[in-house]
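Throughout, numbering of the chain's residues begins at 1 and tracks the sequence.
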Amino acid sequence: MQKEFKPKMRGYDPADVDTYLDTIIKDYETFQKNIQQLKDENERLLDKIDELTKQVSVGKTTSSTQPVNNATNMDILKRLSNLERRVFGSQLDNGENESHRI
């Protein structure tokens with residue numbers, strides 16, 4: 001930004017210079033506020049990224065272990081069912097048939 005000052009007898013008019021400097025000071029204050037707001041927003045967004053990254057990593061861990069647990073639970077239920085049939089044999093078949101008759 002260029003500014004021309006009116007020459008006076010002993011230099012520039014102090015009132016013109018003061019007015020111009022006041023404008024510059026206001027601009028710097030505005031820029032400083034904008035910079036601080038952007039820094040605050042940047043920090044907030046970085047914190048949000050960290051939080052979301054943690055949630056995603058926890059979600060991956062949970063989702064990757066869940067199918068294994070579900071498969072393991074299904075295997076355990078099948079094994080229990082097979083063991084019950086071997087141990088109790090015809091008693092289970094009779095009990096199931098009787099419950100269907102009711």
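- Taking CG of Asp27 as the start and CG of Asp22 as the end, the distance is 11.0 Å to the nearest 0.5 Å.
- When the shell of 6.0 Å around CD of Glu43 is examined, it contains 12 or fewer heavy atoms from other residues, nucleotides or ligands.
- Within the 3.5 Å criterion, the main-chain N or O of Ala15 finds a donor-acceptor partner in the side chain of Thr19.
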Query - Stepwise side-chain contact (heavy atoms from CB on, under 4.5 Å) check, Glu51 with Asp47 - result: CA-CA 6 Å; Glu51 179 184 329; Asp47 289 344; over 6 Å; no
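- Rounding to the nearest 0.5 Å gives a distance of 8.5 Å between CG of Leu38 and CG of Asn42.
- Going from atom CG of Leu83 over to atom CD1 of Ile76 covers 11.5 Å, rounded to the nearest 0.5 Å.
- Between the CG atom in Leu45 and the CG atom in Asp50 there is a gap of 11.0 Å [rounded to 0.5 Å].
- Taking hydrophobic clusters as Ile, Leu, Val, Met, Phe, Trp and Tyr residues chained together by side-chain heavy-atom distances below 4.5 Å, Ile35 does not share a cluster with Ile25.
- Put simply, CG on Asp18 and OG1 on Thr23 are 10.5 Å apart, with the number rounded to the nearest 0.5 Å.
- Rounded to the nearest 0.5 angstrom, Thr30 OG1 and Lys26 NZ are separated by 9.0 Å.
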